[in-house]
Colleague: 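Take this structure first; my questions come after.
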Amino acid sequence: MEKRILIVDNMHPRIIEILQKAKLTVDYKPDWDAKTILEQIHQYFAIILRSKIAIDDTFLSQATALKLIARAGSGMDLIDTDLAKKKNIHLCNAPEGNRDAVAEHTLALILALLNKIINSTIEIRNGIWKREENRGTEIKGKTIAIIGCGFMGTALAKRLKNFQCNIISYDKYKDTLPHSFIKKVSLPYIFEHADIVSLHIPLTHETKFFVDTHFFNSFQKKIFFVNTSRGEIVVEKDLLHSIQSGKVVAAALDVLENEKLNTLTQEQKNTLQELSALPQVIFSPHVAGWTHESYQKISEVIGKKIVAFLQKNNKITPNLQSSM
């Protein structure tokens, strides 16, 4: 039986090359809307997507032939993974593809915060020259807490190693960490020792709004805070209050609680406006993992994983060249 694969988001051409070399039929339909996808999904063995449509009960009830869902990125929060697994649908994602991008972007945000680069740039463009007020803070000797030490957290730790700082990490689901220079610690230890905190955890029922007033008030020191994971992990109004109280010295956010700015509630709009007015807060538009290089690497990782899955399950004839 023909194995048809549907791609519903813009992807690098490499993924089509990899899949077609494995003799798979690929329908590249990034222009399809959610309604069209639902109408057509019953024909497909696999779907590859980023964020075009939620994979929920409505979707899966229509996807009667579906055996594989591939997320072209790292987060799986738009997919009802429990339901998919109950239906024996294989899931895969591509954190290997954008871990370098996330690590570099996170490091850039940390350095920008510590050295007040964004604020001083704005001041100079407005004819203001303040040296003392823009005095920086060195990363050397600081304790940097990485919450979540998977692909992203580990990649960041590798880049921090040569800065001669203390790297600690809390990961609830890992008994050991991949490198000896990363010290595995408890959350209370982080609360006691951290100077800089960077989030690298997925959005789940457990982590949604995990970072709140209680979280920030638990720190013994004033901290620098960075979030390049998911916006809904952080209660933004609680972050705002923690910055205003001085508990958080500065914050960098690549992700927001609600990134569809035209749908913000009045409270979300007010909070974002107040955060935006603070010189010690910097933003980027959910691009930490979205570089020119990661665009290609994510496609390659997903393509190879799909081919490997099909070969392992005897769904296609092995073709080692196609997955290299």
Side-chain angles (χ1 to χ4, degrees), residues 9-15 17-18 48-51 70-77 91-115 117-118 139 142 144-171 173-174 176-184 196-203 224-231 233 252-255 259 282-308 323-324:
D9 280 295
N10 289 310
M11 299 286 290
H12 192 277
R14 275 290 289 147
I15 193 168
E17 294 173 15
I18 292 169
I48 303 170
L49 75 164
R50 289 204 304 270
S51 305
R71 166 79 164 87
S74 56
M76 302 289 277
D77 42 284
L91 304 173
C92 65
N93 59 347
E96 306 94 328
N98 63 356
R99 59 184 165 187
D100 294 326
V102 171
E104 290 184 16
H105 194 92
T106 304
L107 179 58
L109 291 176
I110 291 172
L111 293 173
L113 283 184
L114 293 177
N115 293 284
I117 290 173
I118 306 300
I139 198 170
K142 300 298 184 295
I144 302 183
I146 298 172
I147 299 181
C149 202
F151 287 103
M152 312 304 174
T154 300
L156 174 62
K158 287 180 179 179
R159 285 156 177 77
L160 289 169
K161 181 182 178 183
N162 291 331
F163 281 86
Q164 299 178 47
C165 52
N166 305 310
I167 305 170
I168 61 177
S169 181
Y170 169 72
D171 193 310
Y173 298 100
K174 289 185 180 293
T176 60
L177 297 184
H179 300 285
S180 58
F181 59 84
I182 311 172
K183 182 178 180 180
K184 180 176 170 59
I196 301 164
V197 177
S198 186
L199 297 185
H200 297 278
I201 51 179
L203 176 62
F224 292 84
F225 179 76
V226 180
N227 185 14
T228 55
S229 54
R230 283 292 185 269
I233 293 171
L253 304 175
D254 179 59
V255 288
E259 295 176 2
I282 61 176
F283 302 93
S284 54
H286 202 149
V287 293
W290 195 236
T291 60
H292 297 289
E293 293 81 2
S294 72
Y295 181 52
Q296 177 171 338
K297 286 190 284 187
I298 286 170
S299 290
E300 290 175 341
V301 168
I302 285 294
K304 292 173 185 178
K305 284 187 177 182
I306 291 173
V307 172
S323 62
M324 295 301 291

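The figures here come from the full heavy-atom set of this structure, side chains too, leaving out hydrogens, waters and symmetry mates.
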Colleague: Do I110 and F224 have side-chain heavy atoms sitting under 4.5 Å apart?
Modeller: no

Colleague: Using a 4.5 Å cut-off on heavy atoms from C-beta on, say whether the side chain of L156 contacts that of H200.
Modeller: yes

Colleague: Could you tell me if the side chain of I18 sits less than 4.5 Å from the side chain of I306, heavy atoms only?
Modeller: no

Colleague: Measure the spacing between CG of L160 and CG of N166 and express it to the nearest 0.5 Å.
Modeller: 11.0 Å

Colleague: So, using side-chain contact (heavy atoms from CB on, under 4.5 Å) as the criterion, who are the partners of N10 when residues are at least two apart?
Modeller: Y28, P30, R50, Y295

Colleague: Between atom CD1 of I147 and atom CD1 of I201, what is the distance when rounded to the nearest 0.5 Å?
Modeller: 6.5 Å

Colleague: Heavy atoms, side chains only, cut-off 4.5 Å: are I182 and I146 in contact?
Modeller: no

Colleague: NZ of K161: more than 12 outside heavy atoms within 6.0 angstrom?
Modeller: no

Colleague: If the condition is side-chain hydrogen bond (donor to acceptor under 3.5 Å, both in side chains), which residues does E259 pass it with, not counting sequence neighbours?
Modeller: H286

Colleague: Specify the closest pair of heavy atoms between V102 and G289, including all atoms of both residues, with the distance to one decimal.
Modeller: CG2-CA, 3.5 Å

Colleague: Would you say the side chain of F163 lies within less than 4.5 Å of the side chain of L111, judging by non-hydrogen atoms?
Modeller: yes

Colleague: Taking C-beta and beyond as the side chain, do R71 and L91 meet within less than 4.5 Å on heavy atoms?
Modeller: no

Colleague: As a quick check of understanding, evaluate side-chain contact (heavy atoms from CB on, under 4.5 Å) for V287 and H105, giving each step before the final call.
Modeller: CA-CA 8 Å; V287 293; H105 194 92; 3.8 Å; yes

Colleague: Side-chain contact, heavy-atom cut-off 4.5 Å: L199 with F225?
Modeller: yes

Colleague: I'd like to know if the side chain of N227 reaches the main chain of R230, judged simply by a donor and an acceptor atom lying under 3.5 Å from each other, with no hydrogens or angles considered.
Modeller: yes

Colleague: What is the minimum heavy-atom distance between A101 and T291, and which atoms define it?
Modeller: CB-CG2, 3.5 Å

Colleague: Has the side chain of S299 got a donor or acceptor atom that lies under 3.5 Å from a matching backbone atom of M11?
Modeller: no

Colleague: So C92 and I302, do their side chains get closer than 4.5 Å, heavy atoms only?
Modeller: yes

Colleague: Applying side-chain contact (heavy atoms from CB on, under 4.5 Å), can you list everything that pairs with T154, at least two apart in sequence or on another chain?
Modeller: C149, K158, P178, H179

Colleague: Give, for atom CZ of F283 and atom CG of L253, the distance between the pair rounded to the nearest 0.5 Å.
Modeller: 5.5 Å

Colleague: Quick check for you: to the nearest 0.5 Å, what is the distance between L203 atom CG and S229 atom OG?
Modeller: 8.5 Å

Colleague: I'd like to know whether V255 forms a side-chain contact (heavy atoms from CB on, under 4.5 Å) with I233, so could you lay out the CA-CA distance, the side-chain angles of the two residues, the decisive distance to 0.1 Å, and finally the verdict.
Modeller: CA-CA 10 Å; V255 288; I233 293 171; over 6 Å; no

Colleague: Give a yes or no on whether a salt bridge exists between K297 and E300, defined as a side-chain N under 4.0 angstrom from a carboxylate O.
Modeller: no

Colleague: Could you tell me which non-hydrogen atom of S74 sits nearest to which non-hydrogen atom of N93, and how far apart they are?
Modeller: O-ND2, 2.7 Å

Colleague: Find the distance between OG (S180) and CD1 (I167) and round it off to the nearest 0.5 Å.
Modeller: 10.5 Å

Colleague: Can a side-chain donor-acceptor contact be found between D254 and S284 if the only test is distance below 3.5 angstrom?
Modeller: yes

Colleague: Charged N to carboxylate O below 4.0 Å: is that the case for K304 and E96?
Modeller: no

Colleague: Say whether T106 and T228, considering side chains only, have a donor N or O and an acceptor N or O under 3.5 Å apart.
Modeller: yes

Colleague: Please report the closest heavy-atom contact between K184 and K174, naming both atoms and the distance.
Modeller: NZ-O, 2.5 Å

